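Scroll down for the structure; my scribbles are underneath it.
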Number of protein chains: 2
Amino acid sequence: MATKDSRAAGLAALASLVADETRAACLLALLDGRAWTAGELARHAGVAPSTLSEHLGRLVAGGLLAQERQGRHRYVRLADTRTAQLVEDLAAQVTPAGTARPRTLRESSAGSAMARGRTCYDHLAGRLGIAITDAFTERGLLRQDTGFALTDAGLRWYGAAGIPLDRSARRPLARACLDWTERRPHLAGAAGAALCRHALDAGWCVRIGSERAVRVTAPGERALHELLGIGREALC
Amino acid sequence: MATKDSRAAGLAALASLVADETRAACLLALLDGRAWTAGELARHAGVAPSTLSEHLGRLVAGGLLAQERQGRHRYVRLADTRTAQLVEDLAAQVTPAGTARPRTLRESSAGSAMARGRTCYDHLAGRLGIAITDAFTERGLLRQDTGFALTDAGLRWYGAAGIPLDRSARRPLARACLDWTERRPHLAGAAGAALCRHALDAGWCVRIGSERAVRVTAPGERALHELLGIGREALC
DNA sequence: TGGACGTTTCGGCCGGCGCCGAAACGCCGG
DNA sequence: CCGGCGTTTCGGCGCCGGCCGAAACGTCCA
C-alpha cells in the first residue's frame with residue numbers, strides 16, 4: 001500500500017502542475033518548441049509577472065520546464081520531448097470534447113493558419129503534417145496498418161533526400177501524434193523532427209509571426225511535390 | 001486568445017481530475033482493467049465512503065470512468081483504452097524520478113509478483129510482458145527499430161496461433177507502453193490486448209488474488225516455449 | 001416486513017493555493 | 001553612476017475543494 005501511495009502521490013503531484021489554467025496556458029504556448037521569457041508568458045496568460053514567476057518556479061522544480069537565464073531575462077522551454085509528448089497527449093484528450101470555436105476575426109484567421117500548418121513541438125502538424133503523413137503512407141515509406149513505423153523504403157527516402165536521421169538515440173524513430181485540428185495521427189518522433197528541422201532549414205516553410213503556424217514557400221511546394229508527390233491542393 | 005484559453009481551461013480541468021492523491025490512487029488501481037465497487041476503492045484509498053463517492057462522481061462526469069450500477073453496488077472502470085493509455089503515460093512519467101521502494105515484507109513479495117508479471121489495463125507487463133515483446137522482436141514478428149509495428153510475419157503468427165485480431169477497429173494494432181518496473185517498452189494496443197485475453201482464456205496465466213499480478217501456469221510455460229521460444233529462465 | 005449494508009447527500013471545517021500590489025533585486029544602457 | 005526594466009520576494013486576501021460524520025436512500029436477504 002505504501003508503494004501505491006507513493007505512486008499515487010507522484011501522479012497527483014505531476015497532474016497538479018498541469019491542473020492550473022495559467023500553467024496549462026504556458027505549457028500549450030511552449031508547445032511551439034521555442035524558449036519564451038517570463039514576461040512574454042505573463043502577457044500571454046494575462047496575469048501579473050509576479051504570479052507567473054511563481055508558476056515558472058513550480059514547473060521548473062517539477063521537471064516540466066528547463067530554464068536558462070540570460071542577463072535580466074529568464075528563458076523557459078519544455079524540458080524534453082518526453083514532456084512535450086505528454087502535454088500533446090493530454091491536450092489531444094481534451095479537444096475532441098470541447099469543440100472550441102474562434103470568436104473574433106483575428107482569432108479565426110490565426111486559427112485557419114494554424115489549421116493549415118504548424119509545428120507541434122518539433123514536428124509538423126495541421127493539414128501540412130497530415131498531407132506528409134498520408135504521402136509517406138501511400139508511397140510505402142510509412143506503415144500504419146500494423147502499428148506506426150517507417151519501412152525500409154522510408155529509411156532509404158531519408159537518405160536519398162539528404163535528411164540526416166539520428167538512429168542511435170533512445171527516442172523512437174517514428175511515433176504517432178494525434179492532430180487536434182485534423183483529429184488524425186501524424187508523423188512524430190525522431191523522423192518527424194528531422195523532417196521538420198530540414199523543412200525549416202531548407203526554406204520549405206517559414207514561421208508566421210511569432211506563433212506556431214508555418215507557411216509553405218514556393219520552393220517548399222516544389223520540393224514536396226517532387227519528393228512526395230504532394231499537390232498544392234493538399235496544402236490549402 | 002479565447003481559443004487558447006478554452007484549450008488551457010480544458011487541459012487544466014482534465015489534469016485537475018488526476019491532481020488529487022485519492023483519485024490518482026483510484027485510477028492506478030483501475031489500471032488492472034477490471035471494475036471495482038465504490039466501497040472497494042474507498043478501502044483501497046483509505047478514505048470514507050462518502051468522500052470516495054464524490055470523487056467517483058467527478059471522475060465519471062469528467063469522462064475518465066464509466067460506471068455501471070448493479071443493485072446497491074456501483075461498479076466503475078476506466079472509460080476506454082484511450083483513458084487507460086493516458087494514465088499509463090502519466091504514471092510512467094512519474095516513476096523514473098521517484099524510485100519507490102517497498103517497505104514491508106508483504107509489499108515486497110507483492111511487488112516482486114507484480115514485477116514478474118501483471119496486467120497493464122488490457123495487456124501483459126512486467127518481466128512477462130518484456131519477455132514476450134523481446135521474443136516477438138527476435139523472431140521478426142515485431143519491429144522496433146523504425147517505430148513500433150507488427151510485421152507481416154507477426155500477423156501470420158497470430159493467425160497460426162489461433163488468436164483473433166480485430167483489425168477493423170480504429171485502435172492501433174501495436175503500440176509501445178513503457179513498463180514502470182522494467183523501464184522498457186512492451187507490446188500494447190489491439191495485438192497486446194488480444195494476446196493477454198487469449199493467455200487468460202487459455203489458462204496460460206492466472207491472476208493472483210484480486211490484484212493485477214499474474215502467474216504463468218505450467219501449460220502456459222509450454223505454450224510460450226513452443227510458440228515463441230521463451231525459456232523458463234526469462235519468466236522468473 | 002424489518003434489519004443489514006452499500007451508497008449518496010449535506011453541513012461544516014480547514015488547509016492549500018492562485019491572485020495581486022508593493023517593494024526589492026539585478027542587469028543593462030545612457 | 002544613475003534610471004529603466006525584467007524579474008523575484010513577500011504579505012495578505014479570498015476561494016476552491018478535500019475531508020469527515022450524520023442522516024437519508026435504496027437494495028438485498030432472512
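Naming convention: chains lettered A, B, ... in sequence-line order (proteins, then strands); numbering from 1 in each chain. This one's a predicted model, so the numbers in the text were calculated from it and none came from an experiment. Just so you know, these numbers use all the heavy atoms, side chains as well, and skip hydrogens, waters and symmetry mates.
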Look at the side chain of [X] and decide which nucleotide, out of [options], has an atom nearest to it.
X: A:Arg74; options: D:dC19, D:dT7, D:dG18; result: D:dT7
X: A:Arg69; options: D:dT8, C:dT7, C:dT9; result: D:dT8
X: B:Val47; options: D:dC20, C:dT7, C:dC19; result: D:dC20
X: B:Pro49; options: C:dT7, D:dT7, C:dC19; result: C:dT7

Ignoring hydrogens and angles, does a donor from either the side chain of A:Ser50 or the base of C:dG21 sit under 3.5 Å from an acceptor on the other? yes

Could one point to a donor on the side chain of A:Arg72 or the base of C:dC28 with an acceptor on the other under 3.5 Å away? no

From the list A:Val87, A:Asp89, A:Thr83, A:Thr81, side chain to side chain contact (heavy atoms under 4.5 Å, CB included) with A:Gln85 holds only for A:Asp89

Specify the separation, in whole Å, of atom [atom1] of [X] and atom [atom2] of [N].
X: A:Leu17; N: C:dC17; atom1: CG; atom2: P; result: 11 Å
X: A:Trp36; N: D:dG6; atom1: CH2; atom2: P; result: 16 Å
X: A:Tyr75; N: D:dT8; atom1: OH; atom2: C1'; result: 18 Å
X: B:Leu59; N: C:dT8; atom1: CG; atom2: C1'; result: 16 Å
X: A:Leu52; N: D:dT8; atom1: CG; atom2: P; result: 9 Å
X: A:Leu41; N: D:dT7; atom1: CG; atom2: C1'; result: 13 Å
X: B:Leu56; N: C:dT9; atom1: CG; atom2: P; result: 11 Å
X: A:Arg43; N: D:dG6; atom1: CZ; atom2: P; result: 7 Å

Can you tell me if the side-chain N/O atoms of B:His73 get under 4.0 Å from OP1 or OP2 in C:dC5? no

Set out, in order, the CA-CA distance, both residues' side-chain angles and the distance that settles side-chain hydrogen bond (donor to acceptor under 3.5 Å, both in side chains) for B:Thr119 and B:Arg207, then state yes or no. CA-CA 9 Å; B:Thr119 55; B:Arg207 290 191 185 270; 3.3 Å; yes

Nearest-nucleotide wise, let me know which of A:Gly71 and B:Ser53 is further upstream toward the 5' end of DNA chain C.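 First, find each residue's nearest nucleotide; the 5'-ward one identifies B:Ser53.
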
Closest nucleotide of DNA chain C for A:Asp20 versus for B:Thr51: which of these residues is on the 5' side?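 Mapping each residue to its closest nucleotide by heavy atoms, the 5'-most match is B:Thr51.
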
Which label fits A:His123 and A:His186: parallel for a plane angle under 30°, tilted from 30 to 60°, or perpendicular past 60°?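 Tilted: the ring planes of A:His123 and A:His186 meet at 30° to 60°.
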
Looking at A:Arg34, A:Arg197, A:Arg77, A:Arg171, which hits salt bridge (Lys or Arg N to Asp or Glu O under 4.0 Å) with A:Asp122? A:Arg171

Report the residue from A:Arg127, A:Arg118, A:Arg184 that forms a side-chain hydrogen bond (donor to acceptor under 3.5 Å, both in side chains) with A:Asp179.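 Looking at A:Arg127, A:Arg118, A:Arg184, the match for A:Asp179 under the side-chain hydrogen bond (donor to acceptor under 3.5 Å, both in side chains) is A:Arg118.
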
